[in-house]
There are 2 protein chains.
Amino acid sequence: MKQQKTTIHDIAKALNTTASTVSRALNNHPRISQKTKDKVAEMARKLGYEPNTMASSLRLGHSKIIGIIVPYVDRIFFSSVIRGIEEQARKHGYNVIICQSHEKLSKEIEDVNTLLAAQVAGIIISISKETRDVTHLLRVQEKGKPLVLFDRTSALLKAPSVTINDFDGAYQSVVHLIKNGYQRIAHIAGDLSVSIFKDRLEGYKKALRDHQVELHEEWIIEAPSDVAAGRPAIEKLMQKPVAPDAFFFSSDFTALGAVKHLQSINFKIPDQIGIVGFGNDQVTQYFNPALSSVDQKSIQMGDEAARIFMDCLQHGSDTTKQVVLAPKLIVRKSSCPSA
Amino acid sequence: MKQQKTTIHDIAKALNTTASTVSRALNNHPRISQKTKDKVAEMARKLGYEPNTMASSLRLGHSKIIGIIVPYVDRIFFSSVIRGIEEQARKHGYNVIICQSHEKLSKEIEDVNTLLAAQVAGIIISISKETRDVTHLLRVQEKGKPLVLFDRTSALLKAPSVTINDFDGAYQSVVHLIKNGYQRIAHIAGDLSVSIFKDRLEGYKKALRDHQVELHEEWIIEAPSDVAAGRPAIEKLMQKPVAPDAFFFSSDFTALGAVKHLQSINFKIPDQIGIVGFGNDQVTQYFNPALSSVDQKSIQMGDEAARIFMDCLQHGSDTTKQVVLAPKLIVRKSSCPSA
DNA sequence: TGAAAAGGTGTAATGGATTGCACAGCATAT
DNA sequence: ATATGCTGTGCAATCCATTACACCTTTTCA
């Protein structure tokens with residue numbers, strides 16, 4: 001039933017040579033003659049040889065596997081990044097192994113341990129919302145393994161990263177709203193202890209300042225990045241003494257929930273209220289009205305993260321490497337009044 | 001810089017015993033005294049011991065890693081299933097390693113090779129659309145490794161699987177449309193060489209027959225499962241001598257594209273035309289009108305697949321195990337005329 | 001022509017955990 | 001007292017690929 005796997009020893013025996021020669025031939029060692037290499041390659045094929053990656057990883061001290069940690073794999077942003085990483089990694093003969101932190105620090109630490117035990121070549125991670133302490137990530141670096149951050153980074157950590165310019169994405173969005181005639185622009189922020197949401201808030205503020213639009217601190221509120229959070233956020237904002245006429249959301253999901261609610265109480269979007277979201281999730285374009293949103297270049301982000309990772313492997317970590325992708329505001333109907 | 005990893009030998013030395021005893025103690029071998037086990041456990045903790053999974057995998061001939069192959073990780077259905085698998089697998093101390101087939105047989109074969117070389121414990125897969133020949137999957141079974149299929153299966157393969165009852169999902173949908181007064185129900189099918197789409201078609205037909213609603217073969221067309229395919233599909237159907245008054249789609253995405261187009265030429269949904277999709281993708285509920293759709297129980301599917309997988313590991317593969325989840329039609333506005 | 005350099009291959013150790021077999025110590029049974 | 005059995009450990013081989021070092025052969029060049 002179970003097949004006997006063929007090893008380099010089998011090839012060696014068949015060729016009347018030794019395992020070392022076979023190993024060298026397969027690894028294209030310069031001191032092996034072309035003739036030998038050819039013979040070995042052919043015999044390997046004939047015997048259906050498959051290298052045992054465990055054995056080589058054990059010897060080498062690391063595998064050709066990249067560990068990835070994300071909060072949840074089934075969030076489209078993360079799964080897109082993973083796609084980008086996987087495709088780039090594969091070009092270099094690397095595999096990806098995936099863990100979910102569930103936005104919990106404790107789970108993230110456990111994940112790091114698991115990946116380290118699995119002898120991954122290094123880790124690419126988007127840290128959880130809870131992550132303040134980063135000693136578990138320092139451990140990765142201490143082992144001399146590449147650590148690359150994406151999207152969510154930490155100031156406590158010197159590591160290469162790929163992010164989008166959240167500040168700029170927010171800035172563009174708010175300027176766009178202003179240009180389209182909205183004057184009382186509120187911001188529904190994400191968890192402000194996370195840097196990306198902080199940056200978006202700052203971009204929002206700067207845009208207002210630069211265009212002499214008044215900034216009401218009371219129009220800035222923090223809300224979870226999910227659909228359910230949309231309605232209460234809106235309700236709170238609409239009952240302020242002066243109600244906003246536009247909302248810039250840090251999350252498409254919160255925006256969705258908000259729009260649903262606004263429509264249910266008969267507000268016209270975009271004519272009475274303008275909306276811009278963040279993330280350019282697939283849902284936004286099919287929504288009615290289609291939602292303006294900032295695209296996060298997710299696949300590209302993954303691709304870039306994997307490139308940096310491979311670069312670290314080859315030339316050592318350049319912890320100052322910070323790739324910042326330019327976000328792109330996708331303008332759709334929700335922020336373009338007909339008048 | 002690089003840390004010296006502590007091995008069982010280090011623990012043995014510190015305890016003045018041997019590696020074998022340590023190994024057995026850590027693995028809870030019955031012949032080791034509790035006292036020794038405690039001492040070993042304590043010393044392991046003290047020295048910060050992390051087992052080297054490569055070494056143990058090499059010795060054991062398999063790792064605690066489950067290989068997953070899906071067409072694309074960034075399709076919400078697949079990423080949800082992966083989430084389900086990952087969470088269940090983790091409970092058993094297993095990791096998942098992910099490959100994408102890009103719907104190509106050649107890539108799928110390559111993926112299988114990669115995973116086998118990585119010494120995975122087994123593979124959980126949703127086969128690509130192109131996959132007819134399954135010899136690469138037979139190889140997995142020949143090695144005595146569990147192979148579990150989900151969603152898309154193959155009649156050529158004797159392997160445990162988890163699917164939803166596509167036939168029933170379609171049947172429910174069409175009955176629902178009929179009950180809501182639609183009489184001329186068309187079906188936009190997916191690639192009919194894939195069994196799930198075939199089954200949905202059959203469910204559609206059966207529902208019509210059971211309710212004495214006429215079946216027009218010309219109202220059944222095949223289209224890719226993406227947004228772009230929606231419009232041409234609709235155009236083709238609407239110019240038939242007798243135009244349909246409802247559409248049952250094998251894919252939410254095709255449905256989305258179709259609805260967009262229908263609305264742009266001023267058809268009222270659901271009053272003039274009823275729509276039901278398949279997949280219950282997240283987008284459907286936020287669409288306007290909200291789309292009725294068949295829920296595929298994706299996370300549950302992953303969870304179930306992982307359970308079966310673990311079961312195969314423990315008790316050997318039961319190739320006849322076919323878990324069929326009951327789909328659930330989620331009724332929303334797109335199929336409920338106000339009249 | 002002799003010596004140094006380059007080319008080609010084998011020997012044996014290495015990485016870390018696992019496990020069949022052997023054996024020592026002690027207890028119970030006869 | 002001898003046999004039988006159980007408990008608790010150690011020895012050494014094993015999984016497979018890699019590689020430092022050594023050795024022999026051939027080429028190159030003063």
Testing dT18(D), dA17(C), dG10(C) for proximity to the side chain of Ala19(A), the answer is dT18(D)
Are any of the side-chain heavy atoms of Lys64(B) and Leu313(B) separated by less than 4.5 Å? no
Measure up the Phe150(B) and Phe77(B) rings against each other and bin them: parallel (under 30°), tilted (30 to 60°), perpendicular (over 60°). tilted
Just how far, in rounded Å, is C1' of dT14(D) from CD1 of Ile8(B)? 13 Å
Quick check on dT9(D): is either OP1 or OP2 less than 4.0 Å from any side-chain nitrogen or oxygen of Thr18(B)? no
Considering just the side-chain nitrogens and oxygens of Thr36(B), establish if one lies under 4.0 Å of OP1 or OP2 belonging to dT9(D). yes
Among dA17(D), dG15(C), dT9(D), find the nucleotide with the atom closest to the side chain of Ser33(B). dT9(D)
Taking the nucleotide of DNA chain D with the closest heavy atom to each, which residue, Leu60(B) or Thr17(B), is nearer the 5' end? Thr17(B)
Check the distance between dC15(D)'s C1' and His9(A)'s NE2 and give it to me in whole angstrom. 11 Å
Under 4.0 Å, heavy atoms only, any strand: does Pro30(A) hit a base, just the sugar-phosphate, or nothing? nothing
Quick one: are Ile127(A) and Ser154(A) in side-chain contact, heavy atoms under 4.5 Å? yes
Would you please say whether a donor-acceptor pair under 3.5 Å links the side chains of Arg132(A) and Ser193(A)? yes
What is the separation between atom CG on Asn27(A) and atom P on dA20(D), rounded to the nearest whole Å? 13 Å
Nearest to side-chain heavy atoms of Asn52(B), which nucleotide of dA13(C), dT9(D), dG16(C): dG16(C)
Counting side-chain heavy atoms from C-beta on, which of dT9(C), dT19(D), dT18(D) comes nearest to Ser20(A)? dT19(D)
His29(A) NE2 to dT9(C) P, straight-line distance once rounded to whole Å: 12 Å
Is there side-chain contact between His136(B) and Leu105(B), with at least one heavy-atom pair below 4.5 Å? yes
Distance in angstrom units between Gln119(B) CD and dC15(D) C1', rounded: 10 Å
Using the side-chain heavy atoms of Arg24(A), tell me which of these nucleotides is nearest: dT11(C), dG10(D), dT18(D). dT11(C)
Nearest whole angstrom, please: distance from the C1' of dA17(D) to the NE2 of His62(A). 13 Å
Comparing Ala55(A) with Arg31(B), nearest DNA chain D nucleotide closer to 5' gives the residue Arg31(B)
Kindly point out which of dG15(C), dA17(C), dG10(C) is positioned nearest to the side chain of Tyr49(B)? dA17(C)
Under 4.0 angstrom between Ser56(B) side-chain N/O and dA17(C) OP1 or OP2: no
Does Thr21(B) have a side-chain nitrogen or oxygen under 4.0 Å from the phosphate oxygens OP1 or OP2 of dG10(D)? yes
Look up atom CG in Asn95(B) and atom CD in Glu86(B), then write down how far apart they are to the nearest 0.5 Å. 7.5 Å
In whole angstroms, the gap separating P of dG15(C) from CD of Glu50(B) amounts to 19 Å
Round to a whole Å and report the spacing from CG of Asp10(A) to C1' of dC16(D). 11 Å
